Every structure is written in C-alpha cells, then in structure tokens.
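Small disclaimer: the values here were computed from a predicted structure and weren't measured. In this chain, numbering begins with 1 at the start of the sequence shown.
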Amino acid sequence: TPFYSMFFLVGLSTMLIILFLLFPNTGINIGKLQLNFISKKEFYKPIIKTNQVVELPINIDSLKEVDQHIQDSIEKVKQILFQKYLDSVLIAEKRIQYPNNDVSILYPFFEKLLNAKTNKVRIMHYGDSQIEADRISGRLRERLQKEFGGYGSGLNAVIPATRKISVRNKLSNNWVRRTGFGPYVDTIVKHKNYGAIFSFCEITPDTNLLDSVFYDGIIKIYKPIKSYKKARNFQELNIYYSSIEESYINYTINDTIIFLDTLNSTNSIKKKSLSFNKAPESIEIQIKSSISPLIYGLSLEGENGIVVDNIPLRGASGTEFAKIDYSSLKQMHHLLMPDFFILEFGGNAIPHIKNKDRAKNYGKYFKKQINKIKKINPKSIVLVIGPGDMAKKEKTELISYPLIEEVRDALKKAAFETNSCFWDMYLNMGGENSIIDWSKKTPSLAARDYIHFTNKGARKIADLFIEDFMNDFKNYLENKNENQ
C-alpha cells in the first residue's frame with residue numbers, strides 16, 4: 001500500500017543519514033574485507049567545470065580503410081542496381097516488342113481470337129528455311145486451335161518445297177513445281193504471277209498422245225498421321241487456281257463417291273471450295289484440260305476457327321514480296337483474307353551483310369515489303385521475327401556472324417516504322433554464340449551447320465514465342481475486364 005511504501009523509504013533514508021554521519025573516514029575492517037562509505041569531505045567537494053577538450057589519438061589508416069569500405073559498398077550497390085536494370089531491359093526485349101510500347105496494337109487481333117469459335121481467323125507465317133517442314137508454324141497452329149478452335153493444316157503447295165508433317169499427298173508423276181523466289185526462280189516462266197506462296201504447280205502434257213496435247217493430273221490427299229492432332233481434321237478443301245481454258249475435275253472421296261466439277265476459265269486467281277461434314281480419309285482430285293491450269297495452292301481448314309499457313313521460302317531474305325506480281329499477290333490475299341502476318345527472316349541476308357550501312361539498307365528494303373503487305377491487307381497486323389544466332393568458323397574457332405545484331409536492329413526498326421510488332425529470336429536463344437551452346441545440348445537443339453534448328457530446337461523456339469504471345473493475350477484480357 002502507499003503507506004507502507006512511504007514508511008519504507010523514510011526508514012531507508014534515516015539509516016543512510018546515520019551511516020553518513022557516524023561511519024569512520026578510514027572505513028571498517030572485517031577480517032580481510034574493508035567496508036567504505038562516502039565521507040563528509042567528499043560529499044561537500046565542489047564540482048570543477050572545465051572547457052578543456054580531451055584529445056584522443058586518431059588512426060588515419062583506419063579511417064581510410066573505413067572510407068574505402070564505404071566506397072566499395074556504394075559501388076557494389078550501383079553495380080547490383082545497374083545489373084537489375086539490364087536484366088529488366090533484357091526480359092522486356094525478349095518479349096514481343098511494340099512501337100512506342102503500344103501493346104494495344106495487337107488488341108484488334110486478340111479480339112478476333114475471342115470470336116474464332118464463330119469466325120475464321122487466318123495467320124500467314126512466312127519465313128526462310130527455319131520454318132520448313134511446318135516445324136514452328138505447326139506448333140503455333142496446334143496451340144491456337146486447341147485454345148480458340150479450328151482444324152486443318154492451312155495453305156500448302158501441290159508440291160511443297162520440302163516434306164511437311166502436316167501434308168500427306170500423293171501425285172501423278174506429271175506435276176511440276178514453278179518457283180518464283182530466291183535462287184530457285186524457274187527461268188521457263190515468263191511472268192511473275194506466283195500468288196501468295198511464291199510458287200505454282202502445273203501439269204505437263206501426256207506425250208503418248210500423238211494427235212493432240214492433253215493434260216491429265218491427279219492429286220490424292222490423305223489425312224496426315226504424323227502431324228499435330230488438330231491438323232488431321234478439316235471441313236473445307238480450297239483450291240486456288242487460274243486457267244486459260246475451262247478445266248474439268250473428278251472428285252473421288254474415300255475411293256467411292258465420285259462427282260464432277262469445273263475450274264472456270266480465268267486469268268486472275270480464283271478459289272474452288274469443297275465442304276465436308278467430316279474429314280474424309282482420302283480425296284482424289286483428277287484435273288483434265290487441253291491447257292493445264294496453274295494451281296497456286298490447296299488449303300485444308302475448318303469452317304471456323306484458327307488457320308495457320310506455313311509458307312517457307314528457302315534461301316529468301318524476306319524481300320521477295322516486291323519481286324512478284326502485285327496483282328497476283330493481291331488477288332490471292334483477298335481470297336485468303338489473312339488477319340495476321342508473321343514474317344520470320346534475316347538469316348539468309350546475314351552472310352552477305354559486310355558492314356553496318358548494308359544492314360541498314362536491308363532494313364529499309366524490308367520495310368517496303370511490310371508496306372506492300374499492309375497496302376494489300378490494311379486491316380491485318382504484322383509481326384516480324386528477327387534472325388536467330390548463326391555461327392561460322394574463323395580459323396579454328398566457331399564465332400557468331402559479326403553483324404547479326406545490326407541486322408536484327410534494322411528489322412526491328414522496319415517493324416516499328418510500319419506500326420508492326422517485333423520478337424527477338426536472337427535474344428531468346430541467348431545472344432552471341434548461343435547457337436553453339438544449342439548444338440551441344442543433349443539432345444541437340446541446333447544442327448552442326450550452326451544455322452538451323454533441330455526438330456527439338458524448333459519446338460523450343462516456337463514454345464518461347466507462343467508463351468510470350470499468350471502472356472500478352474492474357475494481359476489484354478485482364479485490361480479488358482478492368483475496363484468493363
């Protein structure tokens with residue numbers, strides 16, 4: 001209680017005062033122990049104030065060491081922050097890049113994807129030999145068709161430049177391919193009407209007929225068995241053609257159903273369509289004519305959903321759009337009605353680029369190709385994929401080609417100046433000398449020519465692109481939901 005506490009304090013103070021007054025100055029000895037208490041002389045001793053500064057010894061070397069430690073720490077923090085900045089820039093540049101960072105450029109196409117269940121959405125993937133055999137396009141097609149609907153392998157030549165896993169056709173021996181791009185231009189052709197896939201196929205005459213010239217060619221289309229699952233089914237067969245004279249077609253479906261049709265006489269490119277409730281196991285197309293029609297492509301696709309056309313142009317640099325007839329390209333694009341173009345080029349130009357000025361000029365010429373595509377297809381969106389890493393032997397050492405980044409930058413500039421998007425394959429591979437690392441992986445991701453991907457490498461690069469594309473689509477959905 002307060003009373004007892006007060007009583008205790010008064011008692012303790014009284015005891016201390018008695019000790020102060022009676023305790024001897026010399027203390028009290030108890031055996032070896034001496035007890036002392038403050039004396040009256042020490043208690044009344046005045047306190048002396050002084051302004052004297054006590055100087056302590058300073059170790060200059062220690063101060064320098066501390067200062068150096070502080071500077072080193074600051075420098076390390078700067079390096080960490082700068083590396084984080086570089087890492088963030090690298091991450092951003094590995095993703096799809098947009099002019100002025102305007103991600104809304106892809107929004108109209110993303111909106112079409114959302115409506116693909118009831119509408120057809122077409123992607124035309126042009127590229128060099130990296131996309132041969134439908135390797136990268138096929139992966140993209142399967143993912144998008146699973147996500148948004150659609151069937152079929154899209155547009156293909158009667159005779160593809162290389163074998164495709166998504167195409168399983170058998171032809172009569174009298175078909176020939178006429179090519180209008182790269183080092184494979186067919187000099188027998190005196191025009192440049194090569195259409196959307198830069199080639200056409202025609203029938204050579206039956207030389208056994210002595211009295212007259214007659215053309216009779218057969219195309220037999222089988223359901224592919226090694227392709228991605230969605231590409232094995234289709235609901236439409238479209239034939240793109242031109243024909244000086246009327247040609248006759250016999251269709252044989254699953255080796256039993258036969259009916260007749262015609263390819264009308266036309267100088268421009270036209271489309272002949274055949275629809276199915278269910279994809280047949282085989283379709284035989286027999287074309288007869290006194291003059292062979294030009295077949296610019298066959299397309300297997302769904303009634304709605306995603307269509308991805310794989311159009312590899314071996315040896316091409318991407319500047320071939322300016323070298324073929326504008327009207328034939330326009331006619332076929334208008335029939336196809338593409339919504340999205342992927343242009344994957346640069347690899348064939350790199351060995352011939354000897355200085356930075358040539359890289360810039362290549363970019364300027366490539367820009368004209370994009371403008372031509374956009375002039376024909378004003379509502380379509382273009383995405384450019386730059387070249388991957390490529391290496392050559394310099395004396396005894398393998399090194400990346402010296403101007404890859406300059407070529408990459410020139411293509412990116414062309415994309416941005418045409419309000420198109422860009423995806424950096426080179427950075428996504430790992431940059432300089434990454435093709436060498438890819439070739440050493442187990443299993444190998446790159447061929448020993450240090451230019452092309454293996455099948456596994458093509459799947460990997462396709463998956464990297466698809467991941468970035470779908471991430472931007474998800475961001476679009478989030479932005480759309482927030483604004484509703």
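- In this structure a side-chain-to-backbone donor-acceptor pair under 3.5 Å is missing from K456 to F453.
- Minimum interatomic distance between A462 and I136 (heavy atoms only, all atoms of both residues): CB-CG2, 3.9 Å.
- For the side chain to side chain donor-acceptor pair (under 3.5 Å) test, no residue two or more places apart in sequence or in another chain qualifies with N348.
- The side-chain hydrogen bond (donor to acceptor under 3.5 Å, both in side chains) pairs that include a residue from residues 190-202 are R178-E202, where partners are two or more places apart or lie in different chains.
- Taking the six-membered ring where tryptophan is involved, the planes of W423 and F465 are perpendicular, since the angle between them exceeds 60° and thus also 30°.
- Taking 4.5 Å as the limit, some side-chain heavy atom of L298 sits within range of a side-chain heavy atom of I219.
- Among all heavy-atom pairs drawn from W175 and I218, the shortest one is NE1-O, 3.1 Å.
- Distance alone, capped at 3.5 Å, is enough to place a donor-acceptor pair between the D449 side chain and the H452 backbone.
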May I have the step-by-step check of side chain to side chain contact (heavy atoms under 4.5 Å, CB included) for N304 and K117, ending in yes or no? CA-CA 6 Å; N304 295 308; K117 299 290 184 183; over 6 Å; no

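- In this structure a side-chain-to-backbone donor-acceptor pair under 3.5 Å is present from N174 to D216.
- Every ring-ring contact (aromatic ring centres under 6.0 Å, His included) that Y107 has, sequence neighbours left out, goes to Y476.
- Looking at N254, its side chain does come within 3.5 Å of a backbone N or O of S282 through a donor-acceptor pair.
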Result block: side-chain N/O donor-acceptor pairs under 3.5 angstrom for residues 373-390, not counting sequence neighbours:
unit_1 : atom_1 : unit_2 : atom_2 : d
K374   : NZ     : T418   : O      : 2.6
K374   : NZ     : N419   : O      : 3.3
K374   : NZ     : S420   : OG     : 3.4
N377   : ND2    : H333   : ND1    : 3.2
N377   : ND2    : I373   : O      : 3.0
S380   : OG     : P338   : O      : 2.6
D389   : OD1    : S400   : OG     : 2.7
D389   : OD2    : S400   : OG     : 3.1
D389   : OD2    : N433   : N      : 3.2
D389   : OD2    : S434   : N      : 2.9
D389   : OD2    : I435   : N      : 2.9

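- Taking the charged nitrogens against the carboxylate oxygens, D472 and R95 have no contact shorter than 4.0 Å, which rules out a salt bridge.
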CA sep, side-chain torsions, deciding dist, call: R143, E147, salt bridge (Lys or Arg N to Asp or Glu O under 4.0 Å): CA-CA 6 Å; R143 174 64 187 276; E147 192 85 22; 3.7 Å; yes

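- In this structure, Q369 contributes its side chain and F321 its backbone to a donor-acceptor pair below 3.5 Å.
- Not one N or O on the side chain of E245 forms a donor-acceptor pair closer than 3.5 Å with the backbone of I291.
- With a 6.0 Å radius and a threshold of 12 heavy atoms from other residues, nucleotides or ligands, I244 has its CD1 atom at or below the threshold.
- Under the 3.5 Å distance criterion, the side-chain polar atoms of T454 are matched with a main-chain donor or acceptor of L445.
- You'll find the side chain of K413 stays beyond 4.5 Å of the side chain of F366, heavy atoms only.
- Among all heavy-atom pairs drawn from A322 and Y365, the shortest one is CB-OH, 4.0 Å.
- The nearest pair of heavy atoms linking R232 to K226 is NH2-C, 4.5 Å.
- Contact of the N238 side chain with the L336 side chain is not registered, since no non-hydrogen atoms from C-beta on lie closer than 4.5 Å.
- Proximity of the aromatic rings of F110 and F148 is defined here by a centroid distance below 6.0 angstrom, and this criterion is not met.
- In this structure, Y151 has its ring center at least 6.0 angstrom away from the ring center of F234.
- Between the side chain of S292 and the main chain of I203, a donor-acceptor pair closer than 3.5 Å is present.
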Between F345 and Y126, does a side chain to side chain contact (heavy atoms under 4.5 Å, CB included) hold up when you go through it step by step? CA-CA 8 Å; F345 291 102; Y126 287 93; 3.9 Å; yes

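- Applying the side-chain hydrogen bond (donor to acceptor under 3.5 Å, both in side chains) definition to pairs two or more places apart or across chains, those involving residues 306-329 are R122-D309, E132-R314, S137-N310, K164-N310, S317-T319.
- Contact record, K392 with Y401: CD-CE2, 3.7 Å, taken as the closest heavy-atom pair.
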Check the pair K220, D255 against salt bridge (Lys or Arg N to Asp or Glu O under 4.0 Å), reporting the backbone distance first and the verdict last. CA-CA 10 Å; K220 193 158 187 179; D255 297 323; 2.9 Å; yes

Go through E111 and K480 one step at a time and tell me if the salt bridge (Lys or Arg N to Asp or Glu O under 4.0 Å) criterion holds. CA-CA 10 Å; E111 190 67 26; K480 182 178 180 178; 3.3 Å; yes

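- Two residues are said to be in side-chain contact when any heavy atoms from C-beta on lie closer than 4.5 Å; K288 and N250 meet this criterion.
- Within a 6.0 Å radius of NZ in K412, more than 12 heavy atoms belonging to other residues, nucleotides or ligands are found.
- Residues in residues 357-372 take part in these salt bridge (charged side-chain N to carboxylate O under 4.0 Å, His left out) pairs, two or more places apart or across chains: K367-E417.
- Using a distance-only test at 3.5 Å, with no hydrogens or angles considered, no donor-acceptor pair links the side chain of Q235 to the main chain of G152.
- Separation of the W438 and Y450 ring centroids does not fall under the 6.0 Å cut-off.
- The two residues K393 and K395 have their closest heavy-atom pair at CG-O, 3.6 Å.
- A heavy-atom distance below 4.5 Å is not found between the side chains of K120 and M337.
- Proximity of I353 to E406: side-chain heavy atoms (C-beta onward) are nowhere separated by under 4.5 Å.
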Does E236 form a side chain to side chain contact (heavy atoms under 4.5 Å, CB included) with F276? I'd like the steps, not just the answer. CA-CA 6 Å; E236 288 183 5; F276 310 92; 6.0 Å; no

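- At most 12 non-hydrogen atoms from other residues, nucleotides or ligands lie less than 6.0 angstrom from NZ of K474.
- Defined by atom type and a distance below 3.5 Å, a donor-acceptor pair is missing between the side-chain atoms of S166 and S227.
- Side chains of F469 and L144 form a contact here, defined as non-hydrogen atoms less than 4.5 Å apart.
- Within a 6.0 Å sphere centred on NZ of K223, other residues, nucleotides and ligands contribute more than 12 heavy atoms.
- Side-chain contact between Y362 and V407 is present, with heavy atoms from C-beta onward closer than 4.5 Å.
- A salt bridge is absent between D424 and K94; no separation between the charged side-chain nitrogens and carboxylate oxygens falls under 4.0 Å.
- The local environment of CG in L260 is crowded, with over 12 non-hydrogen atoms from other residues, nucleotides or ligands closer than 6.0 Å.
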Please lay out, stage by stage, how L237 and I221 fare under the test side chain to side chain contact (heavy atoms under 4.5 Å, CB included). CA-CA 10 Å; L237 164 64; I221 302 170; 4.1 Å; yes

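- Of the possible donor and acceptor atoms, one in the side chain of Q331 sits under 3.5 Å from a partner among the backbone N and O of I269.
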